[in-house]
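Note sheet for the following structure.
Throughout, a chain's letter reflects where its sequence line sits, starting with A, and its residues are numbered from 1. Given the structure is predicted, the values throughout are model-derived calculations rather than measurements.
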Amino acid sequence: MSSEKSDQSSVTITFPDKHTRTFPTGVTGFEVASSISPRLAKDALSITLNETVMDLDRPITSDGEIRINTWDTNDGKMTFWHSSAHLLAEAVEALYPGVRLGIGPAIEQGFYYDIDFGDTTVSVEDLPKIEKKMLELARTKSDFVRREVPKDEAVSFYKEKQDPYKLELLEDLEDGTISFYTQGNFTDLCRGPHIPNTQNVKAIKLLNVAGAYWRGDSDNKQLTRIYGITFPKQKMLDEYLHMLEEAKKRDHKKLGKELGIYMIDSMVGSGLPIWLPNGTVLRRSLEAFLRDEQIKRGYQEVITPHIANLKLYETSGHYPYYSDSQYDPIQVDDEQYMMKPMNCPHHHRIYGREMHSYRDLPVRLSEFGTVYRYEQSGELNGLSRVRGFTQDDAHIYCTDDQLKDEIKNCIDLTQYVFNTFDMPVDIRLSFRDDNEKKYGGKSENWERAQREIREVADELGLDYTIAEGEASFYGPKIDFIIRDAIGRKWQLGTVQLDYVMPERFDLTYMGSDNQKHRPVIIHRAPFGSMERFTAILIEHFAGDFPLWLSPKQVALIPVSDQYNELAYEYAEKLREAGLRVHTDDRSEQIGLKIRESETAKIPYMMIIGEREKANKTVAVRKHKIGDLGTFAFDDYLNKLATEVQSRTLPSEADKKTTSN
RNA sequence: GCUGGCGUAGCUCAGGGGUAGAGCAGCGGUUUUGUAAACCGCCGGUCGUAGGUUCAAAUCCUAUCGCCAGCUCCA
């Protein structure tokens with residue numbers, strides 16, 4: 001921060017609500033917080049001054065906008081967890097003298113520290129004793145003390161300590177910008193900021209140990225990374241651990257198996273998921289949903305083969321550029337063919353098969369296209385990371401003038417899709433940075449595209465962030481990050497602009513000026529991959545799917561064998577109405593049949609016995625809710641059909657049924 | 001691919017040098033049932049795979065495959 005105004009005797013601080021106050025120069029964040037309320041001063045962890053997070057006791061020497069960071073803010077948590085990482089390092093140094101420290105940052109959920117334990121292996125069993133030490137140290141209420149040190153001193157400090165990692169970090173730092181933080185007996189090279197003292201840390205959980213390469217480079221030594229999380233209150237930790245357990249219960253690998261969604265079979269091959277009957281119903285329902293919506297929006301569906309001549313990918317540039325993640329080509333007659341890693345080149349050839357007039361554009365080609373990519377074995381994970389998957393892919397070929405409308409249409413479709421599942425969406429505009437070499441296509445196209453994307457986002461009133469340098473090689477993109485029912489974030493759909501492929505495939509259209517022009521391509525996929533999206537859906541709904549997606553929608557449960565006939569009759573009517581029905585005609589007790597339907601997460605049960613036979617009614621029981629009462633069969637059938645058609649979410653359906 | 005952990009019956013798990021265990025599921029009977037587990041019996045495993053050590057290996061060692069947590073990468 002510049003201190004050009006340090007000669008002034010006062011600084012003007014602007015608060016988040018835009019009101020301003022004047023303080024003497026050199027006032028600290030703590031003093032500013034105290035001037036508002038003692039409570040705030042007590043809760044404050046750090047301040048953010050002009051987007052820079054600072055210690056509470058750093059003097060403020062220039063005007064600026066301030067935020068006082070408590071636990072309830074993101075910056076506050078980051079400060080808290082970063083300080084907790086130091087606490088972890090202190091505990092580890094105390095318990096394992098002679099360890100070398102790498103880096104220890106705060107992360108989205110907690111923090112980690114990378115540590116070289118030398119010849120000692122540390123496993124999860126060792127974590128409780130480190131936790132205990134951390135708590136002990138936290139209770140000493142040690143202040144975090146910042147000290148700016150000359151580079152020479154920092155270097156000799158770490159030479160003394162024989163820590164090659166910190167020395168390597170120091171190489172990249174300039175004299176005059178180096179600071180140490182000390183708490184208790186522990187000093188660490190650190191930019192800061194930190195919380196005032198260790199006693200705010202009341203609850204500690206070390207979660208995991210894992211190997212991590214120094215600086216993320218697999219040529220470097222692998223350090224031991226200890227992950228942890230801390231809280232200012234024990235209750236918060238309890239809640240967090242509860243959330244972790246909840247997430248575990250929702251794990252799609254567990255539920256996917258239990259509900260018969262998919263299997264992975266070692267004889268078929270790892271990373272090659274097999275969709276079981278229940279999963280296939282679910283997936284086809286999702287596809288039908290998107291397909292219908294795309295048809296309404298003027299898409300044309302195509303089907304392309306799973307392997308293609310290598311020349312196709314040489315033309316697109318995917319080969320050999322991405323050959324690390326592609327399966328090796330196979331020899332077919334005199335030519336080489338490759339498993340399809342992308343659908344786009346096929347679609348480009350479809351576009352290119354005939355002349356297009358500007359009047360025909362946009363051309364929107366869609367495909368549920370299955371692609372194969374080689375993922376390293378350690379990457380594979382259930383349905384969410386696989387080697388063969390199906391993209392809900394589409395490519396839109398349009399003129400520059402149509403681009404804005406098409407982007408708008410894509411964003412609208414994507415939002416429509418995620419709204420249907422009640423998944424809140426964060427939007428990120430991924431633009432290029434100044435590194436020209438990273439990107440293809442003409443600069444003016446990029447600039448226009450980025451401007452138009454932003455205009456569209458503004459016109460739609462979207463709340464978005466811009467990520468410079470996150471664009472793909474061939475164009476800027478819009479990324480959709482959704483949040484699931486337990487608040488986890490997933491990057492899903494993308495809309496990407498492409499100025500490179502039209503050149504590579506020599507795609508043209510005839511303009512009104514009777515000249516050939518290059519179309520712009522939009523790549524977009526709301527779900528991204530059917531496999532990954534299904535994994536997220538399973539976890540989002542915890543397997544309790546909305547009726548329209550449930551593999552089995554209604555279980556018919558006769559009270560005893562005598563009522564089987566009526567159950568078959570009802571089942572037939574439900575099937576005719578398009579519902580997926582299971583009739584449980586086993587000679588089992590009703591309690592068991594209900595229990596099994598509950599654990600299979602079938603949304604509705606219809607119980608049929610003497611009373612129902614007499615009156616042509618059904619007793620309806622709803623999954624997770626219980627007995628809803630008795631209804632005329634035909635009425636309930638219509639109600640269910642409506643619920644499917646409107647794609648009602650389980651939470652909404654519960655409200656409706658419990659209120660009547 | 002790398003580091004660490006884990007592979008025992010269809011599933012969930014116990015056992016840790018001396019003849020493989022439980023519950024659930026499955027099968028056969030009995031029970032004909034009113035809103036989350038009826039009763040009896042039976043079947044079921046080369047202890048992931050391959051080597052090795054040993055009189056003897058599910059158990060110890062080595063390799064390998066798979067899974068899990070991370071690391072790296074992701075058009």
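Residue A:Arg215 places no side-chain atom within donor-acceptor reach of the base of B:C71, judged by atom type and a 3.5 Å distance cut-off alone.
The partner of B:U64 is B:G48, judged by Watson-Crick or G-U wobble contacts that both fall below 3.5 Å. Summarising the base pairing, B:C39 is matched to B:G29 through a Watson-Crick or G-U wobble pair whose two defining distances lie under 3.5 Å. Remark: B:C24 base-pairs with B:G10; criterion is Watson-Crick or G-U wobble with both hydrogen-bond distances under 3.5 Å. Remark: B:U54 base-pairs with no nucleotide; criterion is Watson-Crick or G-U wobble with both hydrogen-bond distances under 3.5 Å. Across every strand in view, B:C71 sits in a pair with B:G1 that passes the Watson-Crick or G-U test at under 3.5 angstrom.
Distance noted for atom P between B:C42 and B:G15: 26 Å (whole Å). Nucleotides B:G16 and B:G48 place their P atoms 16 Å apart, quoted to the nearest Å. Comparing the C1' positions of B:U46 and B:A50 gives an interatomic distance of 13 Å, to the nearest angstrom. When the C1' atom is compared between B:C65 and B:G29, the two are found 43 Å apart, to the nearest whole Å. Here, B:G23 and B:U59 have their C1' atoms 24 Å apart, quoted to the whole Å. When the P atom is used for both B:C13 and B:C43, the distance is 26 Å, rounded to whole Å. B:U62 and B:G70 are spaced 27 Å apart, taking the P atom of each and rounding to whole Å. For B:C71 and B:G52, the P atoms lie 40 Å apart once the distance is rounded to whole Å.
A salt bridge between A:Glu588 and A:Arg595 is absent, with no side-chain N of the basic residue lying under 4.0 Å from a carboxylate O of the acidic one. Note on A:Arg225 versus A:Asp114: salt bridge recorded, some NZ/NE/NH1/NH2 to OD/OE distance being below 4.0 Å. The residues A:Lys613 and A:Glu565 are annotated as not salt-bridged, no charged nitrogen and carboxylate oxygen being separated by less than 4.0 angstrom.
Look at CG on A:Leu127: it is 13 Å from P on B:G5, rounded to the nearest Å. Rounded to whole Å, the distance from CE on A:Met263 to P on B:G66 is 16 Å. Distance A:Leu244 CG to B:G70 P: 11 Å, rounded to the nearest Å. Counting to the nearest Å, the P atom of B:C71 and the OH atom of A:Tyr113 are 18 Å from each other. If you measure from atom CD of A:Gln376 to atom P of B:C68, you get 15 Å, rounded to the nearest angstrom. Atom-to-atom, OH of A:Tyr213 to P of B:U3 comes out at 7 Å; the value is rounded to the nearest Å. The nearest whole Å value for the distance from the CD atom in A:Glu258 to the C1' atom in B:A25 is 13 Å. Straight-line distance from the NZ atom of A:Lys254 to the C1' atom of B:C67: 17 Å, rounded to whole Å.
Nucleic acid contact for A:Lys253: sugar-phosphate only, since backbone atoms but no base atoms lie under 4.0 Å from a heavy atom of the residue. Nucleic acid contact class of A:Ile557 (heavy atoms, under 4.0 Å, all strands): none. Using a 4.0 Å heavy-atom cutoff across all strands shown, A:Gln391 reaches no nucleic acid atom at all. If you check every strand for non-hydrogen atoms under 4.0 Å, A:Phe473 touches nothing.
Heavy-atom contacts from other residues, nucleotides or ligands closer than 6.0 Å to CZ of A:Arg518 number more than 12. For A:Lys205, the NZ atom counts as loosely surrounded, since its 6.0 Å shell holds 12 or fewer non-hydrogen atoms of other residues, nucleotides or ligands.
Using a 4.5 Å heavy-atom cutoff, the side chains of A:Arg373 and A:Arg387 are not in contact.
Residue A:Tyr227 has a polar side-chain atom (N or O) positioned under 4.0 Å from OP1 or OP2 of B:C71.
Classification of the A:His348-A:His523 ring pair by plane angle, with boundaries at 30° and 60°, yields perpendicular.
When each of A:Lys477 and A:Tyr374 is assigned the nucleotide of RNA chain B with its nearest heavy atom, A:Tyr374 is the one assigned upstream, toward the 5' end.
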Can you check each nucleotide of nucleotides 31-36 of chain B against protein heavy atoms at under 4.0 Å and return B for base, S for sugar-phosphate only, - for none, in 5' to 3' order?
BBBBBB
Quick one: side chains of residues 267-275 of chain A, donor-acceptor pairs under 3.5 Å with protein atoms, not counting sequence neighbours, listed by atom name and distance.
unit_1, atom_1, unit_2, atom_2, d
A:Trp275, NE1, A:Glu531, OE2, 3.3

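The ring pair (Phe, Tyr, Trp, His ring centres under 6.0 Å) search around A:Trp490 returns none, not counting sequence neighbours.
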